[in-house]
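Below: one structure, written as C-alpha coordinates.
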There are 2 protein chains.
Amino acid sequence: MSNKTIQDIENRIASLLKRSDLSVTESRRKILHLFLEQPGALAHGDIERKAGEKFDRVTVYRTLQAFVDKGIIHTIPTADNSIRYALCKDDCSAGHHHDHHIHFVCTNCNNTYCLDDVVTPEIKLPKGYQAEHVEVVVEGVCKNCKG
Amino acid sequence: MSNKTIQDIENRIASLLKRSDLSVTESRRKILHLFLEQPGALAHGDIERKAGEKFDRVTVYRTLQAFVDKGIIHTIPTADNSIRYALCKDDCSAGHHHDHHIHFVCTNCNNTYCLDDVVTPEIKLPKGYQAEHVEVVVEGVCKNCKG
DNA sequence: GATTGTTTTGCAACTATGTTGCCTTTTTAT
DNA sequence: ATAAAAAGGCAACATAGTTGCAAAACAATC
Ligand SMILES: [Mn+2]
Ligand SMILES: [Mn+2]
Ligand SMILES: [Zn+2]
Ligand SMILES: [Zn+2]
(Lines give C-alpha, C1' and ligand atoms only; values in the text may rest on other atoms or scores of the structure.)
(Ligands and ions follow the chains in the order given, each with its own letter.)
Protein backbone atom coordinates (compact mmCIF):
# COMPACT_ATOMS: atom_id res chain seq x y z
CA MET A 1 0.00 0.00 0.00
CA SER A 2 1.60 3.20 -1.12
CA ASN A 3 1.47 6.27 0.98
CA LYS A 4 -0.60 7.84 -1.75
CA THR A 5 -3.44 5.36 -1.26
CA ILE A 6 -3.63 6.07 2.44
CA GLN A 7 -3.69 9.75 1.66
CA ASP A 8 -6.52 9.17 -0.79
CA ILE A 9 -8.64 7.53 1.85
CA GLU A 10 -7.94 10.32 4.28
CA ASN A 11 -8.96 12.86 1.70
CA ARG A 12 -12.10 10.96 0.90
CA ILE A 13 -13.02 10.90 4.57
CA ALA A 14 -12.29 14.58 5.05
CA SER A 15 -14.36 15.61 2.06
CA LEU A 16 -17.24 13.39 3.17
CA LEU A 17 -17.22 15.10 6.55
CA LYS A 18 -17.00 18.58 5.11
CA ARG A 19 -19.78 17.92 2.65
CA SER A 20 -21.90 16.98 5.66
CA ASP A 21 -21.03 20.15 7.57
CA LEU A 22 -19.12 18.22 10.17
CA SER A 23 -15.74 19.37 11.34
CA VAL A 24 -12.93 16.93 10.73
CA THR A 25 -11.88 15.43 14.04
CA GLU A 26 -9.79 12.46 15.00
CA SER A 27 -12.66 10.37 16.32
CA ARG A 28 -14.84 10.96 13.31
CA ARG A 29 -12.00 10.08 10.97
CA LYS A 30 -11.24 6.92 12.94
CA ILE A 31 -14.85 5.74 13.05
CA LEU A 32 -15.38 6.42 9.35
CA HIS A 33 -12.23 4.43 8.71
CA LEU A 34 -13.76 1.47 10.50
CA PHE A 35 -16.77 1.58 8.23
CA LEU A 36 -14.73 1.96 5.07
CA GLU A 37 -12.32 -0.87 5.73
CA GLN A 38 -15.10 -3.35 6.34
CA PRO A 39 -17.81 -4.78 4.09
CA GLY A 40 -20.59 -5.37 6.61
CA ALA A 41 -22.33 -3.37 9.28
CA LEU A 42 -20.97 -2.49 12.68
CA ALA A 43 -22.73 -2.71 16.01
CA HIS A 44 -22.15 -0.02 18.55
CA GLY A 45 -20.22 -2.50 20.63
CA ASP A 46 -17.88 -3.34 17.75
CA ILE A 47 -17.05 0.30 17.28
CA GLU A 48 -16.53 0.88 20.94
CA ARG A 49 -14.15 -2.06 21.07
CA LYS A 50 -12.18 -1.01 18.01
CA ALA A 51 -12.06 2.69 18.73
CA GLY A 52 -12.98 2.86 22.38
CA GLU A 53 -9.50 2.75 23.79
CA LYS A 54 -8.72 6.03 22.18
CA PHE A 55 -12.11 7.65 22.56
CA ASP A 56 -14.72 7.99 25.22
CA ARG A 57 -17.90 5.94 25.00
CA VAL A 58 -19.93 9.13 24.88
CA THR A 59 -17.98 10.34 21.89
CA VAL A 60 -18.80 7.14 20.03
CA TYR A 61 -22.49 7.61 20.74
CA ARG A 62 -22.43 11.22 19.64
CA THR A 63 -20.38 10.50 16.55
CA LEU A 64 -22.72 7.75 15.38
CA GLN A 65 -25.71 9.94 16.06
CA ALA A 66 -24.17 12.77 14.05
CA PHE A 67 -23.45 10.39 11.16
CA VAL A 68 -27.02 9.14 11.16
CA ASP A 69 -28.40 12.69 11.27
CA LYS A 70 -26.24 13.74 8.37
CA GLY A 71 -27.08 10.73 6.22
CA ILE A 72 -23.61 9.20 6.33
CA ILE A 73 -24.70 5.95 7.95
CA HIS A 74 -28.05 4.27 8.54
CA THR A 75 -29.30 1.95 11.26
CA ILE A 76 -30.33 -1.66 10.77
CA PRO A 77 -32.83 -3.19 13.18
CA THR A 78 -32.06 -6.72 14.31
CA ALA A 79 -33.92 -9.36 16.22
CA ASP A 80 -31.45 -9.37 19.07
CA ASN A 81 -32.05 -5.73 19.75
CA SER A 82 -28.54 -4.53 19.00
CA ILE A 83 -28.67 -1.72 16.49
CA ARG A 84 -26.17 -2.00 13.69
CA TYR A 85 -24.87 0.78 11.50
CA ALA A 86 -23.76 0.76 7.88
CA LEU A 87 -22.59 3.33 5.36
CA CYS A 88 -25.23 4.98 3.23
CA LYS A 89 -25.05 5.31 -0.48
CA ASP A 90 -24.15 8.75 -1.72
CA ASP A 91 -27.70 9.85 -2.32
CA CYS A 92 -28.49 10.08 1.37
CA SER A 93 -28.18 13.46 3.02
CA ALA A 94 -29.06 15.33 6.17
CA GLY A 95 -32.71 14.83 6.98
CA HIS A 96 -33.33 12.32 4.23
CA HIS A 97 -32.24 8.74 3.98
CA HIS A 98 -32.96 7.03 0.70
CA ASP A 99 -32.01 3.47 1.50
CA HIS A 100 -34.58 1.13 0.08
CA HIS A 101 -32.51 -2.01 0.19
CA ILE A 102 -32.88 -5.01 2.43
CA HIS A 103 -30.49 -6.33 5.05
CA PHE A 104 -29.08 -9.78 5.60
CA VAL A 105 -27.91 -11.15 8.92
CA CYS A 106 -25.76 -14.27 8.78
CA THR A 107 -26.59 -16.74 11.53
CA ASN A 108 -23.13 -18.26 11.15
CA CYS A 109 -20.62 -15.41 11.11
CA ASN A 110 -23.08 -12.97 12.64
CA ASN A 111 -22.23 -10.32 10.07
CA THR A 112 -24.85 -7.97 8.73
CA TYR A 113 -24.80 -6.92 5.07
CA CYS A 114 -26.61 -4.30 3.09
CA LEU A 115 -27.93 -5.96 -0.05
CA ASP A 116 -27.99 -2.76 -2.03
CA ASP A 117 -29.32 -4.43 -5.14
CA VAL A 118 -32.31 -6.06 -3.50
CA VAL A 119 -35.12 -3.54 -3.39
CA THR A 120 -37.70 -3.77 -0.62
CA PRO A 121 -40.83 -5.42 -1.96
CA GLU A 122 -44.23 -3.80 -2.21
CA ILE A 123 -46.41 -4.93 0.67
CA LYS A 124 -50.14 -5.08 0.21
CA LEU A 125 -51.66 -3.92 3.50
CA PRO A 126 -55.21 -4.32 4.79
CA LYS A 127 -57.61 -1.43 4.20
CA GLY A 128 -56.86 1.61 6.31
CA TYR A 129 -53.17 1.04 6.85
CA GLN A 130 -50.86 3.45 5.13
CA ALA A 131 -47.21 2.48 4.67
CA GLU A 132 -44.46 5.05 4.93
CA HIS A 133 -41.41 2.86 5.23
CA VAL A 134 -40.73 -0.84 4.87
CA GLU A 135 -37.90 -2.56 6.66
CA VAL A 136 -36.84 -6.07 5.61
CA VAL A 137 -34.26 -8.12 7.48
CA VAL A 138 -33.44 -11.60 6.19
CA GLU A 139 -31.70 -14.11 8.41
CA GLY A 140 -29.73 -16.97 6.94
CA VAL A 141 -26.31 -18.08 5.76
CA CYS A 142 -24.20 -15.58 3.86
CA LYS A 143 -22.18 -16.02 0.71
CA ASN A 144 -18.90 -16.37 2.56
CA CYS A 145 -20.14 -18.90 5.08
CA LYS A 146 -21.92 -21.16 2.64
CA GLY A 147 -19.30 -23.89 2.31
CA MET B 1 -69.57 -8.09 32.11
CA SER B 2 -70.92 -11.13 33.84
CA ASN B 3 -68.85 -12.98 36.35
CA LYS B 4 -68.97 -15.91 33.99
CA THR B 5 -67.06 -14.05 31.28
CA ILE B 6 -64.27 -13.16 33.65
CA GLN B 7 -64.14 -16.75 34.73
CA ASP B 8 -63.92 -17.81 31.10
CA ILE B 9 -60.88 -15.67 30.50
CA GLU B 10 -59.24 -17.00 33.62
CA ASN B 11 -59.88 -20.54 32.46
CA ARG B 12 -58.53 -19.79 29.04
CA ILE B 13 -55.36 -18.36 30.58
CA ALA B 14 -54.91 -21.30 32.92
CA SER B 15 -55.33 -23.85 30.17
CA LEU B 16 -52.93 -21.98 27.92
CA LEU B 17 -50.32 -22.06 30.66
CA LYS B 18 -50.89 -25.72 31.44
CA ARG B 19 -50.71 -26.69 27.79
CA SER B 20 -47.31 -24.99 27.73
CA ASP B 21 -46.07 -26.86 30.80
CA LEU B 22 -45.98 -23.70 32.83
CA SER B 23 -47.35 -23.60 36.33
CA VAL B 24 -50.16 -21.15 36.86
CA THR B 25 -48.91 -18.24 38.90
CA GLU B 26 -50.22 -14.79 39.64
CA SER B 27 -47.62 -12.94 37.58
CA ARG B 28 -48.07 -15.13 34.55
CA ARG B 29 -51.84 -14.76 34.70
CA LYS B 30 -51.53 -11.01 35.07
CA ILE B 31 -49.13 -10.60 32.16
CA LEU B 32 -51.18 -12.84 29.89
CA HIS B 33 -54.18 -10.72 30.81
CA LEU B 34 -52.37 -7.64 29.58
CA PHE B 35 -51.79 -9.27 26.22
CA LEU B 36 -55.34 -10.53 25.89
CA GLU B 37 -57.09 -7.26 26.73
CA GLN B 38 -55.09 -5.35 24.13
CA PRO B 39 -54.98 -5.55 20.35
CA GLY B 40 -51.38 -4.54 19.69
CA ALA B 41 -47.99 -5.53 20.93
CA LEU B 42 -46.44 -4.62 24.25
CA ALA B 43 -42.95 -3.38 24.92
CA HIS B 44 -41.19 -4.62 27.98
CA GLY B 45 -41.50 -1.17 29.47
CA ASP B 46 -45.28 -1.18 29.02
CA ILE B 47 -45.57 -4.43 30.86
CA GLU B 48 -43.33 -3.33 33.65
CA ARG B 49 -45.38 -0.19 34.08
CA LYS B 50 -48.71 -2.01 34.06
CA ALA B 51 -47.67 -5.00 36.15
CA GLY B 52 -44.50 -3.83 37.79
CA GLU B 53 -46.00 -2.47 40.95
CA LYS B 54 -47.12 -5.90 41.95
CA PHE B 55 -44.18 -7.85 40.55
CA ASP B 56 -40.47 -7.55 40.51
CA ARG B 57 -38.72 -6.44 37.34
CA VAL B 58 -36.84 -9.70 37.23
CA THR B 59 -40.09 -11.64 37.30
CA VAL B 60 -41.33 -9.72 34.28
CA TYR B 61 -38.15 -10.53 32.37
CA ARG B 62 -38.33 -14.21 33.29
CA THR B 63 -42.01 -14.45 32.53
CA LEU B 64 -41.64 -12.93 29.08
CA GLN B 65 -38.66 -15.16 28.36
CA ALA B 66 -40.65 -18.22 29.40
CA PHE B 67 -43.55 -17.16 27.18
CA VAL B 68 -41.25 -16.73 24.21
CA ASP B 69 -39.59 -20.10 24.85
CA LYS B 70 -42.94 -21.84 25.01
CA GLY B 71 -44.32 -20.21 21.88
CA ILE B 72 -46.96 -18.14 23.67
CA ILE B 73 -45.62 -14.79 22.52
CA HIS B 74 -43.14 -13.68 19.88
CA THR B 75 -40.80 -10.74 19.63
CA ILE B 76 -41.02 -7.95 17.08
CA PRO B 77 -37.86 -6.06 16.15
CA THR B 78 -38.24 -2.31 15.84
CA ALA B 79 -36.07 0.49 14.59
CA ASP B 80 -35.87 2.15 17.99
CA ASN B 81 -34.31 -0.88 19.55
CA SER B 82 -37.10 -1.61 21.98
CA ILE B 83 -38.25 -5.19 21.62
CA ARG B 84 -42.00 -5.63 21.51
CA TYR B 85 -43.96 -8.76 22.30
CA ALA B 86 -47.22 -10.04 20.90
CA LEU B 87 -49.35 -13.14 21.31
CA CYS B 88 -48.67 -15.99 18.94
CA LYS B 89 -51.29 -17.80 16.99
CA ASP B 90 -52.17 -21.21 18.34
CA ASP B 91 -49.87 -23.09 16.01
CA CYS B 92 -46.74 -21.93 17.77
CA SER B 93 -45.25 -24.18 20.38
CA ALA B 94 -42.15 -24.69 22.45
CA GLY B 95 -39.10 -24.59 20.22
CA HIS B 96 -40.98 -23.61 17.11
CA HIS B 97 -42.54 -20.36 16.19
CA HIS B 98 -44.56 -20.33 13.00
CA ASP B 99 -45.29 -16.67 12.63
CA HIS B 100 -44.90 -15.66 9.03
CA HIS B 101 -46.84 -12.46 9.19
CA ILE B 102 -45.58 -8.91 8.98
CA HIS B 103 -45.70 -6.20 11.60
CA PHE B 104 -46.91 -2.66 11.44
CA VAL B 105 -45.68 0.19 13.63
CA CYS B 106 -47.84 3.29 13.71
CA THR B 107 -45.82 6.49 13.70
CA ASN B 108 -48.75 8.32 15.21
CA CYS B 109 -50.05 6.25 18.13
CA ASN B 110 -46.81 4.26 18.37
CA ASN B 111 -48.73 0.98 18.56
CA THR B 112 -47.40 -2.16 16.97
CA TYR B 113 -49.77 -4.59 15.28
CA CYS B 114 -49.41 -8.11 13.98
CA LEU B 115 -50.94 -8.20 10.51
CA ASP B 116 -51.69 -11.88 10.66
CA ASP B 117 -53.18 -11.97 7.20
CA VAL B 118 -50.25 -10.40 5.43
CA VAL B 119 -47.75 -13.10 4.61
CA THR B 120 -44.07 -12.22 4.40
CA PRO B 121 -43.09 -11.88 0.74
CA GLU B 122 -40.58 -14.05 -1.05
CA ILE B 123 -37.27 -12.23 -1.33
CA LYS B 124 -35.01 -12.96 -4.26
CA LEU B 125 -31.47 -12.87 -2.88
CA PRO B 126 -28.17 -12.59 -4.74
CA LYS B 127 -26.35 -15.84 -5.53
CA GLY B 128 -24.86 -17.51 -2.50
CA TYR B 129 -27.18 -16.10 0.12
CA GLN B 130 -29.53 -18.58 1.73
CA ALA B 131 -32.59 -17.27 3.56
CA GLU B 132 -33.86 -18.94 6.70
CA HIS B 133 -36.18 -16.31 8.07
CA VAL B 134 -37.61 -13.06 6.77
CA GLU B 135 -38.70 -10.25 9.04
CA VAL B 136 -40.79 -7.39 7.67
CA VAL B 137 -41.69 -4.30 9.67
CA VAL B 138 -43.78 -1.62 8.03
CA GLU B 139 -43.92 1.87 9.47
CA GLY B 140 -46.81 4.16 8.75
CA VAL B 141 -50.23 5.30 9.92
CA CYS B 142 -52.57 2.67 11.32
CA LYS B 143 -56.25 2.11 10.68
CA ASN B 144 -57.33 3.82 13.88
CA CYS B 145 -55.16 6.88 13.44
CA LYS B 146 -56.00 7.56 9.82
CA GLY B 147 -58.59 10.31 10.22
C1' DG C 1 1.02 31.61 12.05
C1' DA C 2 -1.25 33.55 16.03
C1' DT C 3 -6.02 34.94 17.74
C1' DT C 4 -10.64 34.26 18.47
C1' DG C 5 -15.19 32.21 18.42
C1' DT C 6 -17.39 27.79 17.73
C1' DT C 7 -17.65 22.94 17.95
C1' DT C 8 -16.39 18.74 19.88
C1' DT C 9 -14.56 15.97 23.49
C1' DG C 10 -13.91 13.74 28.05
C1' DC C 11 -15.43 13.26 32.47
C1' DA C 12 -18.65 12.47 36.01
C1' DA C 13 -22.94 11.43 37.31
C1' DC C 14 -27.06 9.57 36.26
C1' DT C 15 -31.10 6.64 34.27
C1' DA C 16 -32.49 2.62 31.95
C1' DT C 17 -32.08 -2.09 30.68
C1' DG C 18 -30.91 -6.70 31.44
C1' DT C 19 -28.62 -10.79 34.06
C1' DT C 20 -27.32 -13.98 37.90
C1' DG C 21 -27.17 -16.40 42.46
C1' DC C 22 -29.44 -17.43 46.46
C1' DC C 23 -32.95 -17.94 49.67
C1' DT C 24 -38.04 -17.78 50.46
C1' DT C 25 -42.63 -18.52 48.85
C1' DT C 26 -45.88 -20.60 45.93
C1' DT C 27 -47.39 -24.25 43.15
C1' DT C 28 -48.00 -29.00 41.95
C1' DA C 29 -48.11 -33.81 42.73
C1' DT C 30 -48.83 -37.52 46.00
C1' DA D 1 -51.54 -32.56 54.58
C1' DT D 2 -46.88 -33.22 53.01
C1' DA D 3 -42.94 -33.20 50.18
C1' DA D 4 -40.67 -32.12 45.94
C1' DA D 5 -40.31 -28.87 42.33
C1' DA D 6 -40.87 -24.50 40.36
C1' DA D 7 -41.18 -19.65 40.50
C1' DG D 8 -40.67 -15.15 42.78
C1' DG D 9 -38.20 -11.46 45.32
C1' DC D 10 -34.07 -9.38 46.61
C1' DA D 11 -29.51 -7.82 46.11
C1' DA D 12 -25.80 -7.20 43.50
C1' DC D 13 -23.95 -6.78 39.27
C1' DA D 14 -23.25 -5.77 34.17
C1' DT D 15 -24.24 -3.33 30.09
C1' DA D 16 -26.40 0.41 27.44
C1' DG D 17 -27.48 5.06 26.78
C1' DT D 18 -28.11 10.22 28.28
C1' DT D 19 -26.97 14.88 30.10
C1' DG D 20 -24.41 19.08 31.84
C1' DC D 21 -20.30 21.22 32.04
C1' DA D 22 -15.46 22.49 31.74
C1' DA D 23 -11.36 21.59 28.85
C1' DA D 24 -9.51 20.73 24.38
C1' DA D 25 -9.61 20.74 19.44
C1' DC D 26 -11.10 22.80 15.38
C1' DA D 27 -12.33 26.46 11.72
C1' DA D 28 -12.35 31.01 10.44
C1' DT D 29 -10.21 35.40 10.46
C1' DC D 30 -6.79 38.36 10.49
MN1 LIG E 1 -28.16 -0.91 4.57
MN1 LIG F 1 -46.69 -10.82 15.24
ZN1 LIG G 1 -21.68 -15.45 7.28
ZN1 LIG H 1 -51.93 4.45 15.13
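Chain identifiers are assigned alphabetically (A, B, ...) following the order of the sequence lines, protein sequences preceding nucleic acid strands; residue numbering begins at 1 within each chain. The figures that follow rest on heavy atoms only: side chains count, while hydrogens, waters and symmetry mates do not.
- Atom NZ in B:Lys30 sits about 19 Å away from atom C1' in D:dA7, given to the nearest Å.
- B:Arg62 comes within 4.0 angstrom of a nucleotide base, judged by non-hydrogen atoms across all strands.
- Here D:dA14 presents its P atom at 17 Å from OH of B:Tyr61, a figure rounded to the nearest Å.
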*Evaluate the side-chain contact (heavy atoms from CB on, under 4.5 Å) criterion for residues B:Arg28 and B:Ile72: first the C-alpha distance (whole Å), next the side-chain angles of each, then the deciding distance (0.1 Å), finally the verdict.*
CA-CA 11 Å; B:Arg28 286 172 180 168; B:Ile72 297 174; over 6 Å; no
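- Phosphate proximity of D:dA16 to A:Arg57: absent, as no side-chain N or O sits under 4.0 Å from OP1 or OP2.
- For A:Phe104 and A:Tyr113, the gap between ring centers reaches or exceeds 6.0 Å.
- Summarising the geometry of A:Ala131 relative to A:Leu125, their closest heavy-atom pair is CB-CD1, 3.6 Å, with the distance given to 0.1 Å.
- Minimum interatomic distance between A:Ala86 and A:Ile76 (heavy atoms only, all atoms of both residues): CB-CD1, 4.0 Å.
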*Footprint string (nucleotides 23-28 of chain D, 5' to 3'): B base within contact, S backbone only, - free, heavy atoms under 4.0 Å*: ---SS-
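- When side chains are defined from C-beta on, A:Tyr129 does not count as touching B:Lys146, because their heavy atoms never get closer than 4.5 Å.
- The shortest heavy-atom contact between B:Arg84 and B:Ala41 is CB-CB, 4.1 Å.
- The CG-P distance, from A:Asp46 to D:dA16, rounds to 11 Å in whole Å.
- Nucleotides of DNA chain D nearest to B:Ser27 and A:Ile83 differ in position, and the one nearer the 5' end is that of B:Ser27.
- Rounded to whole angstrom, the span from the CZ atom of B:Arg28 across to the C1' atom of D:dG8 amounts to 10 Å.
- Rounding to whole angstrom units, CG of residue B:Asp56 and P of D:dA11 are separated by 9 Å.
- Rounded to an integer number of Å, the gap from CZ of A:Arg84 to C1' of D:dA16 is 15 Å.
- With rounding to the nearest 0.5 Å, the separation of CG in B:Leu16 from CG in B:Asn11 is 12.5 Å.
- Between the side chains of A:His100 and A:His133, no donor-acceptor pair is found at a separation under 3.5 Å.
- Contact footprint of chain B on DNA chain C: nucleotides with an atom under 4.0 Å from a non-hydrogen protein atom, first to last in 5' to 3' order, C:dT17 to C:dT28.
- Heavy-atom minimum distance, B:Thr78 versus A:Pro77: O-CB, 3.8 Å.
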